[in-house]
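Structure first, then comments.
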Protein chains: 2
Amino acid sequence: MRIKLSKASDIGPLVRAVRKAQKMRQDDTAGAVGVSENFLSKIEHGADKAQWNKLFQVLQGLGIHVVLDLPEEARSYLPKGTEQS
Amino acid sequence: MRIKLSKASDIGPLVRAVRKAQKMRQDDTAGAVGVSENFLSKIEHGADKAQWNKLFQVLQGLGIHVVLDLPEEARSYLPKGTEQS
DNA sequence: ACATAATCCTGACGATCGTGAGGATTATGG
DNA sequence: CCATAATCCTCACGATCGTCAGGATTATGT
């Protein structure tokens, strides 16, 4: 299921949906993923100033893949060995 | 052109590739997007602790779309009105 | 090789983060 | 309706950010 973000804060509700689907509490997923419960709570509510690595950590922990859709013209400037998908 | 991120820092080189494809200097894109040249430089080199909103700001400015790929089970927990793609 | 452009690096500053702990508030189910 | 779970909120603290300014380093083109 692929969803395009239109605002930085759009990521929050998606995180929550996936956690709910996992039948987990903020408490455990936070622990399992390695962030504070406070942090996860703020994220789910759309806090958009979080640090990218922490946020990515949460996404990975929940099994959410991040895909970037970039203009075709950029292809030739990509570092070699860049994976598709 | 879709690329899946495997590390948080993977985003950097992609930003650079798109900027190059635009024939722009860090200087201008930074200005156009509303961040410092220093910030953009660090991002392109894989700085992963940047704030998500600033980073997203750069992606948007460059025309890079962010797509989240989440498990199908999460569908029913999504807030209504969630856009696909 | 040279001159200039473009990028990178460093340090300092104010602003903001993420965490932990504690208490309020809201859901859940018996 | 009540008890408990789950989530949220607030505060203070140390850590880190993003910006600016300046100088170094690396690319580019002639």
Side-chain angles (χ1 to χ4, degrees), chain A residues 5 7-64 66 70-71 73-74 76-80 82, chain B residues 5 7-64 66 70-71 73-74 76-80 82:
Chain A
L5 303 183
K7 304 187 249 73
S9 61
D10 282 353
I11 219 170
L14 304 181
V15 166
R16 170 176 281 246
V18 173
R19 177 180 61 80
K20 291 269 192 185
Q22 239 106 290
K23 308 286 189 199
M24 297 209 164
R25 292 174 300 160
Q26 290 184 335
D27 216 350
D28 328 311
T29 49
V33 159
V35 299
S36 70
E37 175 193 345
N38 205 340
F39 179 78
L40 184 55
S41 173
K42 286 189 212 157
I43 289 296
E44 292 191 356
H45 283 279
D48 61 347
K49 293 171 192 166
Q51 294 177 191
W52 169 234
N53 62 334
K54 285 273 172 209
L55 181 52
F56 189 80
Q57 198 176 324
V58 170
L59 298 180
Q60 271 201 144
L62 285 171
I64 302 177
V66 182
L70 29 105
E73 307 85 78
S76 49
Y77 294 93
L78 290 176
K80 54 184 174 184
T82 303
Chain B
L5 302 184
K7 304 188 250 71
S9 61
D10 283 353
I11 218 170
L14 304 181
V15 166
R16 171 175 279 244
V18 173
R19 177 180 62 80
K20 291 269 192 189
Q22 238 104 293
K23 308 287 188 198
M24 298 210 163
R25 292 174 304 161
Q26 290 183 335
D27 216 352
D28 329 309
T29 47
V33 159
V35 300
S36 71
E37 175 192 345
N38 205 338
F39 179 78
L40 185 55
S41 174
K42 285 189 212 157
I43 288 296
E44 291 190 357
H45 282 276
D48 62 347
K49 291 172 194 166
Q51 295 178 191
W52 169 235
N53 62 334
K54 286 272 172 210
L55 180 52
F56 190 80
Q57 197 176 327
V58 170
L59 298 180
Q60 272 201 143
L62 285 171
I64 302 176
V66 183
L70 30 105
E73 307 85 79
S76 49
Y77 294 92
L78 290 175
K80 53 183 174 185
T82 304

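Order of the sequence lines fixes the chain letters, A, B, ..., with proteins taken first and strands second; residue numbering starts at 1 for each chain. For the numbers below, each heavy atom of this structure counts, side chains included, while hydrogens, waters and symmetry mates do not.
Taking NZ from B:Lys20 and CD from B:Gln26, the interatomic distance works out to 8.0 Å, rounded to the nearest 0.5 Å. Annotation: the span from B:Phe39 atom CZ to B:Leu55 atom CG amounts to 6.0 Å, rounded to 0.5 Å.
Qualifying salt bridge (charged side-chain N to carboxylate O under 4.0 Å, His left out) partners for B:Lys7, counting only residues two or more places apart in sequence or in other chains: B:Asp10. In this view, B:Glu73 and A:Ala21, B:Pro71 satisfy the side chain to side chain contact (heavy atoms under 4.5 Å, CB included) rule, not counting sequence neighbours.
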Anything under 3.5 Å between a protein N or O and an N or O of nucleotides 12-17 of chain C, put it in a table, one pair a line.
none

Pairs: protein N or O with nucleotides 22-24 of chain C N or O, under 3.5 Å:
none

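Across all their heavy atoms, A:Lys49 and B:Gln51 have their closest contact at O-CG, 3.5 Å. A:Ala8 and A:Asp48 get closest at one heavy-atom pair: CB-CB, 4.0 Å. Of all non-hydrogen atoms in A:Arg19 and A:Thr29, the two that sit nearest each other are CD-OG1, 3.3 Å. Among all heavy-atom pairs drawn from B:Thr82 and A:Leu14, the shortest one is CG2-CD2, 4.2 Å. Closest approach of A:Ala17 and B:Leu78 over heavy atoms only: CB-CD2, 3.7 Å. For the pair A:Gly34 and A:Gln57, the tightest heavy-atom approach, listed with the atom from each and the gap, is O-NE2, 3.3 Å.
Side-chain contact check for A:Val66 versus B:Ile11: every heavy-atom pair is 4.5 Å or farther apart. In this structure, B:Lys54 and B:Ile43 have side chains that are not in contact, with every pair of non-hydrogen atoms separated by 4.5 Å or more. Side-chain atoms of B:Leu70 and A:Leu62, non-hydrogen and from C-beta on, never get closer than 4.5 Å to each other.
Distance from the side chain of A:Glu44 is smallest for D:dC8 among the nucleotides D:dC8, C:dT19, C:dC8.
Between B:Ser41 and C:dC8, a side-chain N or O to OP1/OP2 separation shorter than 4.0 Å is present.
Of all the residues in residues 15-33 of chain B, not one reaches under 4.0 Å from DNA chain D with any non-hydrogen atom.
A straight line from CD of A:Glu37 to P of C:dA21 spans 12 Å, rounded to a whole angstrom. In this structure, the CH2 atom of B:Trp52 is 17 Å from the C1' atom of D:dC17, given to the nearest Å. In this structure, NZ of B:Lys42 is placed 11 Å from P of C:dC9, rounded to the nearest angstrom.
Judged by distance alone, with hydrogens and angles left aside, A:Asn38 brings a side-chain donor or acceptor within reach of the base of D:dT10, the pair sitting under 3.5 Å.
End-to-end axis angle for the helix from C:dA1-D:dT30 to C:dG30-D:dC1, using five pairs per end and rounding to 10°, comes out at 70°.
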